[in-house]
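Notes to accompany the following structure.
Positions are given from 1, in the same order as the sequence printed here.
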Amino acid sequence: MSRKKIIILIAVIAIVICGIAGVLAMQRISEKNIIIEGNEKYTKEEMISFIFRSDWDRNPFVLYYKTKFSKQKVIPFVDEYDVKITSLNSVKITVYEKKIIGYVNYMGSNMYFDKDGTIVESSTDVIEGIPKITGLSFDSIILYETLPVGNDKVFRLILDTTQILQKYGISVDKIYISDNKEVTLYIEQIKVELGTGEDMNDKIRSLNDMLPNLQGLSGTLDIKKYNTNNDGYTFKKS
């Protein structure tokens, strides 16, 4: 083959490669072809804005490279996310959120903790459905360390209460822990006095049964002592 033909062949190959590269570089994943699963705290649009922060992030090849060889983007309240590219213009993202059960306010920030009492996030945001814990005092709170309540019984009481509330799907605005370890819940205009941790599961189960009848009311419900006689609890209207 003559030198001239070799040069022409190389030029053709180069043009073809550049053309293919250009086509691939122009590929973009449209929003309608982005599937988000596992997200509860954030909407699909919010998750997309976190993960796809530039136009290049929507390119499947750039996304694949960043997914395999770069650190994941830090997203508040998200442990990690898994990216699966299903085609040149579609992707499936599975989100694994941090399992938060409550938060305390400390020096102007909301310190969120998980079922083990570990502080997993600090934010000024208030997440709907996550109860605020009050009545406690702290010398310091450190992110990713255990909530420093200083008393194992208080710590256990907080965790038991929040986990049982989640078990029955009861959303509360605030949980107050008194010095003598009594628990009070605040649900909209209802104040619920649960007392100590004794029979906590049974008391919260009873509360769950009563809540439909308390809709729209304002007052204090006293269930400090679990009722085994089925003769009712005391509710005082405000």
Should Lys115 and Leu159 be marked as a side chain to side chain contact (heavy atoms under 4.5 Å, CB included) after you check the CA-CA gap, both sets of side-chain angles, and the distance that decides it? CA-CA 6 Å; Lys115 63 180 180 61; Leu159 296 185; 5.8 Å; no
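- Asp222 contributes atom CG, which lies 9.5 Å from atom CG of Leu194 (distance to the nearest 0.5 angstrom).
- The distance from atom CG of Asp82 to atom OG1 of Thr94, rounded to the nearest 0.5 Å, is 5.5 Å.
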May I have the step-by-step check of side chain to side chain donor-acceptor pair (under 3.5 Å) for Thr118 and Asp116, ending in yes or no? CA-CA 6 Å; Thr118 302; Asp116 299 315; 5.4 Å; no
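- For the atom pair CD1 of Ile177 and OG1 of Thr184, the computed distance is 8.0 Å after rounding to the nearest 0.5 Å.
- Side-chain contact between Ser122 and Tyr106 is absent, with no heavy-atom pair separated by less than 4.5 Å.
- Counting heavy atoms from C-beta outward, Tyr112 and Ile127 have side chains that approach closer than 4.5 Å.
- Residues Ile175 and Thr134 form no side-chain contact, since every pair of their non-hydrogen atoms from C-beta on lies 4.5 Å or further apart.
- Note on Asp57 versus Lys66: salt bridge recorded, some NZ/NE/NH1/NH2 to OD/OE distance being below 4.0 Å.
- The backbone N or O of Tyr96 lies less than 3.5 Å from no partner atom in the side chain of Asp79, so there is not a single donor-acceptor pair.
- Surrounding CD of Glu198 are at most 12 heavy atoms belonging to other residues, nucleotides or ligands under 6.0 Å away.
- You'll find the side chain of Tyr64 stays beyond 4.5 Å of the side chain of Val62, heavy atoms only.
- Between Lys132 and Asn105, the closest side-chain pair of non-hydrogen atoms falls below 4.5 Å.
- The side chain to side chain contact (heavy atoms under 4.5 Å, CB included) test with Ile223 is passed by exactly one of Ile204, Leu207, Asp199: Leu207.
- Under a cut-off of 6.0 angstrom, the local environment of CG in Asn180 is crowded, with over 12 non-hydrogen atoms contributed by other residues, nucleotides or ligands.
- Here the side chain of Asn33 pairs no donor or acceptor atom with the backbone of Ile29 at under 3.5 angstrom.
- Between Tyr42 and Phe50, the two ring planes are perpendicular [angle over 60°; tilted spans 30° to 60°].
- Hydrophobic clustering (ILVMFWY, side-chain heavy atoms < 4.5 Å, transitive): Phe69 and Ile51 are in distinct clusters.
- Cluster annotation: Phe138 and Ile142 are assigned to distinct hydrophobic clusters (Ile/Leu/Val/Met/Phe/Trp/Tyr, side-chain heavy-atom contacts under 4.5 Å, transitive).
- Following chains of ILVMFWY side-chain contacts shorter than 4.5 Å, one can reach Ile75 starting from Val83, so the two form part of one hydrophobic cluster.
- Considering CD1 of Ile119 and OG of Ser109, their distance stands at 11.5 Å, rounded to 0.5 Å.
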Please determine whether ring-ring contact (aromatic ring centres under 6.0 Å, His included) holds for the pair Phe113 and Tyr103, giving the CA-CA distance in whole Å, both sets of side-chain angles, and the decisive distance to 0.1 Å. CA-CA 6 Å; Phe113 60 91; Tyr103 75 94; 8.6 Å; no
Kindly determine whether Asn201 and Lys167 satisfy side chain to side chain donor-acceptor pair (under 3.5 Å), including the steps that lead there. CA-CA 9 Å; Asn201 183 80; Lys167 171 184 173 182; 3.1 Å; yes
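- Proximity of a side-chain donor or acceptor of Lys44 to a complementary backbone N or O of Ile34 within less than 3.5 Å is detected.
- In Tyr168, the OH atom is crowded: over 12 heavy atoms of neighbouring residues, nucleotides or ligands sit closer than 6.0 Å.
- In Lys73, the NZ atom is crowded: over 12 heavy atoms of neighbouring residues, nucleotides or ligands sit closer than 6.0 Å.
- In this structure, Tyr81 OH and Thr67 OG1 are separated by 6.5 Å, a value rounded to the nearest 0.5 Å.
- Annotation: side chain of Leu147 is not in contact with side chain of Ile133 (no heavy-atom distance under 4.5 Å).
- Both the sub-6.0 Å distance and the 45° axial angle are not jointly satisfied by Lys98 relative to the ring of Phe77.
- Under the 3.5 Å distance criterion, the side-chain polar atoms of Glu121 are left unmatched by any main-chain donor or acceptor of Met111.
- Across all their heavy atoms, Met47 and Val95 have their closest contact at CE-CG2, 3.6 Å.
- In this structure, the separation between CG on Leu214 and CD1 on Ile187 is 8.5 Å, given to the nearest 0.5 Å.
- A single hydrophobic cluster is seen to contain both Leu211 and Ile190, as judged by linkage of ILVMFWY side chains at heavy-atom distances under 4.5 Å, directly or through other members.
- The minimum heavy-atom distance between Glu46 and Lys41, with the atom names listed, is OE1-O, 4.2 Å.
- For the pair Asn110 (side chain) and Asp125 (backbone), a donor-acceptor distance under 3.5 Å is present.
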